[in-house]
Amino acid sequence: MMTYHFKKSIVDKGEKRCYLCGSTHSLEVHHIFGGSNRKHSTQYGLVVNLCSSCHRGSNGVHNNYEKMEKLRNLGQLAFEKEYPQLDFVKIFHRNYKKE
């Protein structure tokens, strides 16, 4: 997988470190909302830098539902703060906020 930095994140503000563990090595961009919403994640800056271990490792977000849901919750909150005029659920088709 290609390693690069995404500079337009509204979640981690483009920090050059892993959003979960703080590592600065082997950073990869993680789209918080994938699948059919991947393009929306890119469009609205809903991406974070993750090290390869936190991204694709055995306990990384792609293999740990709780971590994935935590990032989705944080992503929705960041979206609603950054774009208060837009309806998150209408765009992403689900509410990820923890009640």
Side-chain angles (χ1 to χ4, degrees):
M1 173 167 277
M2 180 182 218
T3 300
Y4 60 100
H5 304 287
F6 193 90
K7 296 181 180 172
K8 296 181 182 178
S9 174
I10 65 168
V11 179
D12 71 9
K13 305 299 183 196
E15 287 284 322
K16 302 288 191 274
R17 62 183 65 251
C18 177
Y19 187 72
L20 296 177
C21 76
S23 173
T24 58
H25 300 288
S26 301
L27 296 177
E28 302 171 352
V29 173
H30 171 67
H31 291 77
I32 295 173
F33 303 99
S36 63
N37 286 317
R38 185 181 175 97
K39 66 180 179 188
H40 296 307
S41 283
T42 300
Q43 177 181 358
Y44 294 107
L46 295 170
V47 296
V48 291
N49 283 313
L50 297 177
C51 68
S52 59
S53 178
C54 287
H55 192 209
R56 298 175 286 112
S58 60
N59 199 29
V61 295
H62 285 288
N63 295 307
N64 184 312
Y65 181 78
E66 287 180 15
K67 285 183 181 179
M68 181 74 79
E69 286 300 298
K70 179 181 176 183
L71 282 179
R72 288 175 175 164
N73 177 58
L74 293 170
Q76 181 173 349
L77 293 173
F79 177 94
E80 291 174 344
K81 182 178 179 182
E82 186 78 13
Y83 306 104
Q85 73 281 13
L86 300 177
D87 184 342
F88 178 89
V89 175
K90 187 175 260 189
I91 295 168
F92 288 90
H93 310 290
R94 184 173 160 203
N95 181 5
Y96 293 94
K97 285 195 295 192
K98 301 289 183 205
E99 300 300 327

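- The same ILVMFWY cluster, assembled from side-chain heavy atoms under 4.5 Å apart, contains both I91 and Y96.
- Looking only at distances, a side-chain donor or acceptor of K13 sits under 3.5 Å from a matching main-chain atom of I10.
- Taking the side chain as every heavy atom from C-beta outward, V47 and V11 never approach each other to under 4.5 Å.
- Considering only heavy atoms from C-beta on, H40 stays 4.5 Å or farther from L46 through its side chain.
- One finds the CG atom of L71 at 5.0 Å from the NE2 atom of H30 (value rounded to the nearest 0.5 Å).
- Rounding to the nearest 0.5 Å gives a distance of 10.0 Å between CZ of F88 and NE2 of H93.
- A salt bridge does not link K8 with E82: none of the charged nitrogens is closer than 4.0 Å to a carboxylate oxygen.
- Side-chain contact between L77 and K97: present, with at least one pair of heavy atoms (C-beta onward) separated by less than 4.5 Å.
- When the shell of 6.0 Å around NZ of K67 is examined, it contains more than 12 heavy atoms from other residues, nucleotides or ligands.
- Among C54, S52, S53, the single residue meeting the side chain to side chain contact (heavy atoms under 4.5 Å, CB included) criterion with S26 is S52.
- Taking 4.5 Å as the limit, some side-chain heavy atom of Y19 sits within range of a side-chain heavy atom of L74.
- Side-chain contact between V48 and H31: absent, with no pair of heavy atoms (C-beta onward) separated by less than 4.5 Å.
- Separating the NE2 atom in H62 from the NE2 atom in H55 is a distance of 3.0 Å, to the nearest 0.5 Å.
- Summarising the geometry of S23 relative to H25, their closest heavy-atom pair is OG-N, 3.1 Å, with the distance given to 0.1 Å.
- Taking the six-membered ring where tryptophan is involved, the planes of F92 and F33 are tilted, since the angle between them lies from 30° to 60°.
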Verify side-chain contact (heavy atoms from CB on, under 4.5 Å) between N63 and S58, making sure each step is shown before the conclusion.
CA-CA 6 Å; N63 295 307; S58 60; 5.5 Å; no
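- At least one side-chain heavy atom of E28 sits less than 4.5 Å from a side-chain heavy atom of R56.
- With hydrogens and angles ignored, the 3.5 Å screen pairs no side-chain donor or acceptor of N59 with any backbone N or O of N64.
- Q43 CD to N37 CG: the interatomic distance, rounded to the nearest 0.5 Å, is 11.0 Å.
- Between atom OG of residue S41 and atom CZ of residue F79 there is a gap of 10.5 Å, rounded to the nearest 0.5 Å.
- In this model, no donor atom of one side chain and acceptor atom of the other lie less than 3.5 Å apart for N49 and E15.
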